Amino acid sequence: MDFLTDILGEPYQAIDLPLAADHEGDVVATLVRRRCADPGAAAGGSRRAVLYVHGFVDYFFQTHLADFYAERGYDFYALDLRKYGRSLRPHHSPNYIHDLDAYDEELDEAVRIIREVDGHDTLLLNGHSTGGLISALYADRRAGQGTIDALFLNSPFLSLPASLLIRTLGAPVVDLLGRLAATRKLPTPSNPHYVHSLHRDFRGSWEFDLSLKPAGGFPLYAGWLAAIQRGHRRVRRGLGIDCPVLVMASTASTATTEWDDALLRTDGVLRADDIARLAPRLGPRVTTVRIRDGVHDLVLSIPEVRERIFAELDLWLRAYLPDRAG
């Protein structure tokens, strides 16, 4: 496989995964790799791996998360989905998809490379936000096949952050638009405050590419929202994920169109209580952990909160994916 040096620099490498063309033309996904040990060393590298899937208006840049896994013997992989991040091309509608099942193409290929090409026998799938929803649905569809050994969901997008009335009355309209005018842009107010709470050029401390994760976001398309709603309905009916699942969410959320310092210590994107309420519907072995002072992407919280998050994740990994050599 022709992995090349990634935009993050060494030790990160990346490879484009060609996908079936759609109505906009050529489509690719990007698989990023960071190995925890030199595969040419005597130990032969790790037999365990993690595959990370990002959220909406997002891409992989959280290198400290990769460090955490590498320190525990996991080779780290991240998938920039089609029309996101490294995979976004000038002729693409950013972040657009008409059916969440379409992501199976790049997920299956990433899993094939991780397991068959790179030789890993244990795979943890780690999804954040919209990537958490996508990962949960994928794990459900691959149940019984031995594809995924464990699933960690960081603030997964299991429900729309709107009132029950809006969700109920709006769904049929969105479904109709999704069928008849899938690429229609929906009127949504620009709300840059979540990104402002993260990026060091504003009120945060993180560095990432604002052209790939812009403060004003990308347009919402009717087809994309209809696909998300179908995914949410599947979660509400109940999934059958057969591997251990860890769901983490903040203990509080903040919904605001103005800057609020609470965004630095709460989920400013989704309703954390909804995540916790729906988590048991994912499968029979779900552990739910609430993180006080956690932001939406929990691993981007302030240092003392990150320590708690990683301690909880480490405890769960030791319980469900113990090091067979240890």
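Quick caveat: nothing in here was measured; it's all calculated off a predicted structure.
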Test item: side-chain donor near acceptor, Tyr320 and Asp149, under 3.5 Å: no
Gly131 backbone acceptor or donor facing Ser129 side chain under 3.5 Å: no
Euclidean distance, Leu212 CG relative to Ile7 CD1, rounded to 0.5 Å: 6.0 Å
Steps toward side-chain contact (heavy atoms from CB on, under 4.5 Å) verdict (Leu125, Ser135): CA-CA 7 Å; Leu125 184 59; Ser135 297; 3.6 Å; yes
Test item: Arg308 side-chain N/O and Arg292 main-chain N/O as donor-acceptor pair under 3.5 Å: yes
Derivation of the side-chain contact (heavy atoms from CB on, under 4.5 Å) call for Leu263 and Val295: CA-CA 7 Å; Leu263 291 167; Val295 299; over 6 Å; no
Gap separating the CH2 atom of Trp224 from the CD atom of Gln229, nearest 0.5 angstrom: 10.0 Å
Pairwise side-chain contact, Leu220 with Phe56, heavy-atom cut-off 4.5 Å (strictly under): yes
Spatial distance of atom OG1 (Thr147) from atom CD1 (Ile114) [nearest 0.5 Å]: 11.5 Å
NZ or CZ of Arg33 within 45° of Tyr77 ring axis and under 6.0 Å: no
Check against ring-ring contact (aromatic ring centres under 6.0 Å, His included), Phe152 and His128: CA-CA 9 Å; Phe152 167 42; His128 164 58; 9.8 Å; no
Closest non-hydrogen atom pair between Leu298 and Met248, with its separation: CD1-CB, 3.4 Å
Within one Ile-Leu-Val-Met-Phe-Trp-Tyr cluster: Val27 and Leu100, side-chain cutoff 4.5 Å: no
Criterion salt bridge (Lys or Arg N to Asp or Glu O under 4.0 Å) against Arg271, the qualifying member of Asp274, Asp267, Asp273: Asp274
Arg86 side chain near Asp6 side chain, heavy-atom distance below 4.5 Å: yes
same_hphob_cluster(Leu8, Val50) at 4.5 Å side-chain heavy-atom cutoff: yes
Any donor-acceptor pair under 3.5 Å from Ser250 side chain to Ala252 backbone: yes
Main-chain N/O of Arg82 paired with Glu106 side-chain donor or acceptor, under 3.5 Å: yes
Near-ring test Tyr59/Tyr84, centroid separation under 6.0 angstrom: no
Within 6.0 angstrom of Asp26 CG, more than 12 heavy atoms from elsewhere: no
Sidechain-backbone polar pair: Arg47 side chain, Tyr74 backbone, donor-acceptor under 3.5 Å: no
Which residues share a salt bridge (charged side-chain N to carboxylate O under 4.0 Å, His left out) with Glu207, sequence neighbours left out: Arg200
Cationic N near anionic O, under 4.0 Å, Asp242 to Arg142: no
Min side-chain heavy-atom separation Glu307-Glu312 under 4.5 Å: no
Any donor-acceptor N/O pair, Arg184 side chain to Gly178 backbone, under 3.5 Å: no
Heavy-atom side-chain proximity of Leu31 to Phe3 below 4.5 angstrom: yes
Pair Thr30, Ser87: side-chain N/O donor-acceptor within cut-off below 3.5 Å: yes
Parallel, tilted or perpendicular: ring planes of His193 versus His196, cut at 30 and 60 degrees: perpendicular
Step-by-step side-chain contact (heavy atoms from CB on, under 4.5 Å) determination, Asp58 to Lys213: CA-CA 5 Å; Asp58 208 355; Lys213 185 178 177 65; 3.5 Å; yes
Min side-chain heavy-atom separation Leu151-Cys243 under 4.5 Å: yes
Ile302 reachable from Leu65 in the ILVMFWY side-chain graph, under 4.5 Å edges: yes
Chi angles and distances behind the side-chain contact (heavy atoms from CB on, under 4.5 Å) call for Asp75, Arg48: CA-CA 6 Å; Asp75 281 342; Arg48 300 192 294 173; over 6 Å; no
Under 3.5 Å side-chain donor-acceptor pair for Asn154 and Asn126: no
Hphob cluster co-occupancy, Leu124 + Phe310, side-chain heavy atoms under 4.5 angstrom: yes
Check: Pro192 and Phe202 side chains under 4.5 Å, non-hydrogen atoms: no
Approximate separation, where rounding is to 0.5 Å, of Leu51 CG and His120 NE2: 11.5 Å
Distance-only side-chain donor-acceptor flag, Tyr221 / Asn95, under 3.5 Å: no
Option passing side chain to side chain contact (heavy atoms under 4.5 Å, CB included) with Ser155 (candidates Ile275, Val299, Ile291): Ile275
Parallel, tilted or perpendicular: ring planes of His232 versus Phe157, cut at 30 and 60 degrees: perpendicular
Sidechain-backbone polar pair: Glu109 side chain, Leu17 backbone, donor-acceptor under 3.5 Å: no
Backbone of Arg290 reached by a side-chain donor or acceptor of Thr251 within 3.5 Å: no
Validation row: Arg285, Pro244 side chains within 4.5 angstrom (heavy atoms): yes
Contact check, side chains of Ile228 and Thr130, non-hydrogen atoms, under 4.5 Å: yes
Residue pair Gln13 / Thr5, side-chain donor-acceptor N/O under 3.5 Å: no
Spatial distance of atom CG (Asp67) from atom CZ (Arg72) [nearest 0.5 Å]: 10.5 Å
Hphob cluster co-occupancy, Leu321 + Val289, side-chain heavy atoms under 4.5 angstrom: yes
Pairing residues for Ala182 by the side chain to side chain contact (heavy atoms under 4.5 Å, CB included) criterion, not counting sequence neighbours: Tyr96
Partner set under side chain to side chain contact (heavy atoms under 4.5 Å, CB included) for Ala66, not counting sequence neighbours: Tyr12, Arg34, Phe60, Phe76
Arg318, CZ: over 12 other non-hydrogen atoms inside 6.0 angstrom: no
Greater than 12 external heavy atoms within 6.0 Å of His92's NE2: yes
Ionic contact status for Asp260 with Arg265, cut-off 4.0 Å: no
More than 12 heavy atoms from other groups under 6.0 Å of CZ on Arg89: yes
Rounded distance (nearest 0.5 Å) linking atom CG of Asp99 with atom CG of Asp104: 9.0 Å
